[in-house]
Each structure stands twice: as C-alpha cells, then as structure tokens.
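Remember, it's 1-based here, ligands and their atoms both numbered in the order they're listed.
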Amino acid sequence: MLAKWNKVTTLRVVKVALFIVALIPLYMLVQRIALGGLGPDPAQVITESLGKAALQLLLATLFMTPLRKLTGWTGWVRCRRMLGLFAFFYAVLHVLAFLQLILGWGDLWATFTRRPYIIMGAVAFLLLVPLALTSTQKMMKRTGRMWKPLHRLIYLSAFFAWLHFLWQARSDVLEMVVYGVVLIALLAIRAYWFGVSSLVPLKKV
Ligand code: HEM
C-alpha cells in the first residue's frame, strides 16, 4: 500500500491538512460565539480574531517559498494560493465585522480615512484585492508576465497589515514584535535570494 503513496497523494494530504488548519480560527471563533464566551466586548473580540487570522495566514503564505527551498519539496508552493485566499477570506470577514459590529456603514470614506491605523489596514486590504482577483489559472494566463510582479504586492500588504496591527496595539507588545520579526525574516530571506540570483549572471560574465 505504501508503494502506491506518491507525490500527488502527499500534496493532497498536505493541502487537506493546511485547509483544516486554516479553518481553525473560524471554528474557534464560532465556538466561542455559540458558547457565549466572548466577554464584555464581543464586537472587538470578533474583529480582532478575524484580523489576526488574516495576518497569520498572510505570513503562512509567505512561508511557503522558503519552506520549498529548505525542504526541496515543490508541493509547498502549490499550497500558496489556497493560504493566500484564506488570508483574503479572513480579511474580508474582518472588515465586514468592523463595519457591521463597530462603526456601521455610514460615511465609509470618513471611516476609512480618519484614523492612521485604519488607513494602514485599508491599504493592506486593497493590496490583497488584485491578488485574490488574479489568483485563478485563467487570470494567471491572462495577466501573463505581469502576474509575478503583481503578486509581489503580498509583501507590501503584509507590511501594511503589520503596521496596522502595531499602530492600534494597546498591550501585548511582545506579540507585535514576534509578528514583526517573522515578517522581517521572511522579507530578508527573499531579499537575500533575490540578491544572490541577480549576482549569478554577473559572475558568469
Ligand atoms: C479596511 C481594512 C481594515 C479595517 C477597517 C480594519 C479595522 C480594524 C480594527 C478596527 C481593529 C481593532 C479592533 C479593536 O480592537 O477594536 C483591527 C485590528 C487588527 N487588524 Fe484590521 N482592519 C483592516 C484590514 C486589515 C487587514 C487586511 C489585516 C491583515 C491582513 C488586518 C489585521 C488586523 C490585526 C492583526 C488586528 C489586531 C488584532 C488584535 O489586536 O488581536 N486588518 N483592524
């Protein structure tokens, strides 16, 4: 039976496992709502949990390429799109929760532009929109050579999401620092690889 276990099966198993893991924040939130365990400010807890899930999944998406390089298994990058779409899904729920439960739907322009931390969040969100819209195979073909540079917007989005988190943070500084260190490490490793790969042709000359 083990002989039948091939690369396709491994990819399927990893994808299903990551799909389940990505749903855990939603499951836990729904469970807390059902059990009435949200404390004195449910709107804040719901909005915060969804925002944190969006940021965590954004970082998980950025982690797939380094994982491929470290392990040599290309399957990790084939899980990237799913994780990125989950990040977008949580970001949409986060914004909807904020509008529905905290500030309301009136004067959206003022809502999104008055406070600096909201502007950061809105920028992070807007940067995710074109990525989600061009994530299908069809759009990948249609955008052609533009697809890769366009999808680099994910770095900027993650950076603005972190700024947004940092800006409105009230207490847990350690948590913000941990997210920041992870993000900087993920960006630095890419910058290093980019530097190395752009130096290779120079060495050959
Ligand atoms: C228009 C876009 C956005 C708006 C209006 C918005 C709004 C908010 C608000 C109001 C809070 C504070 C909730 C509270 O403490 O009462 C918050 C927290 C947060 N948001 Fe956003 N957000 C936006 C986009 C994003 C995006 C795109 C991400 C991540 C990808 C994100 C991640 C977070 C995180 C991590 C927190 C902190 C959660 C915590 O303190 O535990 N937000 N956001």
Engineer: Is it the case that the side chain of T136 and the backbone of M139 share a donor-acceptor pair, with hydrogens and angles ignored and the cut-off at 3.5 Å?
Structural biologist: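 Yes, T136 side chain to M139 backbone: donor-acceptor pair under 3.5 Å.
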Engineer: Examine the proximity of ligand 1 to A161 and report which part, side chain or backbone, both or neither, has a heavy atom under 4.0 Å away.
Structural biologist: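 Contact part for A161 vs ligand 1: side chain (C-beta onward).
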Engineer: Using a 4.0 Å heavy-atom cut-off, say whether Y90 meets ligand 1 through its side chain, its backbone, both or neither.
Structural biologist: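 Looking at Y90 and ligand 1, no heavy atom falls under 4.0 Å.
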Engineer: Answer yes or no: is there a donor N or O on one side and an acceptor on the other, between the side chain of R78 and the main chain of K15, under 3.5 Å?
Structural biologist: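 The answer is no, because no donor-acceptor pair under 3.5 Å joins these two groups.
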Engineer: Is Y117 in contact with ligand 1, taking contact as a heavy-atom separation below 4.0 Å?
Structural biologist: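 In this structure, Y117 qualifies as a contact of ligand 1 - some heavy atom is under 4.0 Å.
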Engineer: Give a yes or no answer on whether the side chain of S157 reaches the backbone of I154 with a donor-acceptor pair at less than 3.5 Å.
Structural biologist: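 Side chain of S157 to backbone of I154, a donor-acceptor pair under 3.5 Å: no, none is there.
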Engineer: So, is T47 polar-close to ligand 1, with some N/O to N/O distance under 3.5 Å?
Structural biologist: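 There is no such contact.
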Engineer: Considering the heavy atoms of V95, write down every atom of ligand 1 situated less than 4.0 Å from one of them.
Structural biologist: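 Per the distance check, 1 (C), 2 (C), 3 (C).
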Engineer: Can you name the nearest heavy-atom pair linking L103 to R115, along with the distance?
Structural biologist: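 Smallest interatomic distance, heavy atoms only, reads CD1-NH2, 3.6 Å.
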Engineer: Would you mind listing which atoms of ligand 1 come within a distance below 4.0 Å of any non-hydrogen atom of A54?
Structural biologist: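 It comes down to these atoms of ligand 1: 29 (C), 30 (C).
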Engineer: Backbone N or O of R142 within a donor-acceptor pair of the W147 side chain at under 3.5 Å?
Structural biologist: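 Here the side-chain-to-backbone pair does not exist.
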Engineer: Distance under 4.0 Å to a non-hydrogen atom of A122: what atoms of ligand 1 satisfy this?
Structural biologist: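 That gives atoms 1 (C), 2 (C) of ligand 1.
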Engineer: Nearest non-hydrogen atom to atom 22 (N) of ligand 1 belongs to which of E48, H94, K52, M120?
Structural biologist: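 Answer by nearest heavy atom: H94.
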Engineer: Tell me the nearest of M176, Q44, R115 to atom 14 (C) of ligand 1, using heavy-atom distances.
Structural biologist: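 Ranked by closest heavy atom to atom 14 (C) of ligand 1, first place is Q44.
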Engineer: Just how far is it from atom OH of Y155 to atom CG of L127, taken to the nearest 0.5 Å?
Structural biologist: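 One gets 13.5 Å once the value is rounded to the nearest 0.5 Å.
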Engineer: Taking the six-membered ring for Trp and the full ring for Phe, Tyr or His, determine whether the centres of F125 and F88 are under 6.0 Å apart.
Structural biologist: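 Yes, the ring centres sit under 6.0 Å apart.
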